[in-house]
2 protein chains.
Amino acid sequence: MVNKIRFERDNVIRVASQLFWQKGFYATSTRDLQEAVNMRPGSIYAAFGSKEGLYSESLKDYTVQMKSQIEGFLSSADSVLGGLRAFVENVVIETKDCCPSAICMLVKANSEFSEKHSRLYTLSVELAAEFESYLTQLFEQAINNGELNNTLTGLEYARFFQVQFTGLRGYFNRPNVDKLAQPMINQMFMLMKTL
Amino acid sequence: MVNKIRFERDNVIRVASQLFWQKGFYATSTRDLQEAVNMRPGSIYAAFGSKEGLYSESLKDYTVQMKSQIEGFLSSADSVLGGLRAFVENVVIETKDCCPSAICMLVKANSEFSEKHSRLYTLSVELAAEFESYLTQLFEQAINNGELNNTLTGLEYARFFQVQFTGLRGYFNRPNVDKLAQPMINQMFMLMKTL
DNA sequence: TTTTAACTTGAGCAGTCGCTCAAAATCAAA
DNA sequence: TTTGATTTTGAGCGACTGCTCAAGTTAAAA
């Protein structure tokens with residue numbers, strides 16, 4: 001029973017997450033959310049406290065989902081870089097049109113909350129830092145595997161990856177540039193071995 | 001007299017632009033704007049028609065300002081790449097804390113308007129395309145000057161520049177990474193000559 | 001079957017939103 | 001001055017915002 005509730009709670013968060021990711025925090029009204037998750041305001045506020053509370057859970061869940069997506073690609077790839085490349089290609093090319101937004105929800109959050117002392121801005125920074133150290137581990141593994149040379153640290157590769165990935169997703173958040181995606185991803189991974 | 005009005009109109013747009021850039025379209029209320037530009041609602045609506053109208057003018061003005069800022073750096077640099085580098089350094093390092101946002105207003109607009117058929121999303125795409133062809137001209141000039149080799153076209157360099165620049169600005173929209181800015185900009189321009 | 005605690009419902013509150021428009025103010029031309 | 005066109009003012013409209021809470025529903029425990 002406890003598991004049942006947990007399951008449904010996770011489901012609600014996932015649905016809310018999609019809506020928040022697509023429309024952003026401010027442009028998503030509580031009535032939009034009520035309809036999307038099929039709950040009345042009282043239930044939502046009993047479960048999450050506030051719109052901000054539900055957004056917090058949504059953003060946390062987003063990063064969990066993203067990590068587990070990467071894990072998936074890693075486990076069916078023969079190298080760390082191969083897995084990351086498959087992930088990037090999937091995000092930028094394949095799921096481009098069946099995704100709430102081309103832009104990473106973390107990046108969107110980071111740019112939406114201009115008040116640098118607000119809870120949600122702070123949360124977005126924390127989650128981004130967490131994700132960066134996750135990536136750092138992966139790149140350290142790639143260095144150890146000999147996939148990348150060790151002139152850069154894992155953290156430096158992680159930073160490079162984030163800048164490229166964010167830049168690419170921003171660039172492809174517009175129409176009529178689909179054919180450029182694959183060559184630009186190739187360039188990104190080529191450059192990474194150049195560093 | 002006509003010039004007087006135009007001057008004040010431009011001034012209003014510039015002030016509104018700063019506020020919209022900082023807070024985004026949805027989080028900026030018409031009352032915020034009224035206070036910032038010191039105009040009563042009737043005057044604003046007589047001059048700009050709607051909140052959307054004022055935002056349109058603000059976004060257009062932003063790209064004009066950005067271009068003229070680049071022109072400034074170009075005219076006091078001894079090469080196209082030198083001018084662009086000075087511009088990037090100025091944006092990412094020097095004006096980091098005295099700027100409405102670390103993120104380019106065009107990029108913010110592009111990510112904020114999820115409705116792909118809305119006026120404002122379309123406008124952001126158009127202005128981005130315009131800016132890309134402006135950059136393309138600059139990079140063609142750089143190729144002709146022998147600053148860059150011609151294995152890539154001006155357009156391809158322009159795309160690379162945008163991805164890097166957007167990626168960097170996104171990355172530095174968080175605290176405690178200031179010391180990384182200069183080395184990462186150096187890396188960006190080093191890579192550009194590698195391509 | 002009754003009790004009790006947990007959860008859900010939805011009408012509706014106080015406040016804010018984008019925006020309007022009649023009245024007042026302004027100013028150049030007559 | 002007077003006139004008439006233009007601009008500014010701000011009270012306030014209807015819609016929507018995030019959110020509350022008394023009343024109703026549910027289901028496990030007694």
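Quick caveat: nothing in here was measured; it's all calculated off a predicted structure.
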* Listed once per pair and sorted, the ring pair (Phe, Tyr, Trp, His ring centres under 6.0 Å) pairs that draw on residues 165-195 of chain B, sequence neighbours left out -> B/Phe87-B/Phe165, B/Phe161-B/Phe165

Between protein and nucleotides 8-12 of chain D, what N or O pairs are separated by less than 3.5 Å?
residue, atom, partner, partner atom, Å
D/dG10, O6, B/Gly42, N, 3.0

Between [N] ([atom2]) and [X] ([atom1]): distance, integer Å:
{"X": "A/Glu35", "N": "C/dG10", "atom1": "CD", "atom2": "P", "result": "14 Å"}
{"X": "B/Tyr55", "N": "C/dG18", "atom1": "OH", "atom2": "C1'", "result": "17 Å"}
{"X": "B/Lys51", "N": "D/dC16", "atom1": "NZ", "atom2": "C1'", "result": "13 Å"}
{"X": "B/Gln34", "N": "C/dT16", "atom1": "CD", "atom2": "P", "result": "14 Å"}
{"X": "B/Leu33", "N": "C/dC19", "atom1": "CG", "atom2": "C1'", "result": "13 Å"}
{"X": "A/Tyr45", "N": "C/dT8", "atom1": "OH", "atom2": "P", "result": "16 Å"}

* Nearest-neighbour nucleotide for the A/Thr30 side chain, D/dG18, D/dC19, C/dC19 considered -> D/dG18

In chain order, what residues pass the side chain to side chain contact (heavy atoms under 4.5 Å, CB included) check against [X], with sequence neighbours excluded?
{"X": "B/Thr28", "value": "B/Leu19, B/Phe20, B/Lys23, B/Asp32, B/Leu33"}
{"X": "B/Thr153", "value": "B/Leu155, B/Glu156"}
{"X": "A/Asp78", "value": "none"}
{"X": "A/Ser79", "value": "A/Leu81, A/Glu147"}

Contact list for [range], test salt bridge (charged side-chain N to carboxylate O under 4.0 Å, His left out), sequence neighbours left out:
{"range": "residues 112-140 of chain A", "answer": "A/Lys67-A/Glu130"}
{"range": "residues 82-95 of chain B", "answer": "B/Arg85-B/Glu89"}
{"range": "residues 161-179 of chain A", "answer": "A/Lys96-A/Asp178"}

* To do: Please list residues of residues 16-29 of chain B whose heavy atoms come under 4.0 Å from any atom in DNA chain D, ordered by number; otherwise none.
  => none

* When rounded to the nearest 0.5 angstrom, what is the spacing between CE in B/Met105 and CG in B/Leu59? -> 5.0 Å

* Does one hydrophobic cluster hold both B/Val91 and B/Val64, with members joined at side-chain heavy-atom distances below 4.5 Å? -> no

Protein-nucleic acid N or O pairs under 3.5 Å, nucleotides 22-24 of chain C:
none

* Structure fact -> The remaining residues in the hydrophobic cluster of B/Val107, counting side-chain heavy-atom contacts under 4.5 Å among Ile, Leu, Val, Met, Phe, Trp and Tyr, are B/Ile103

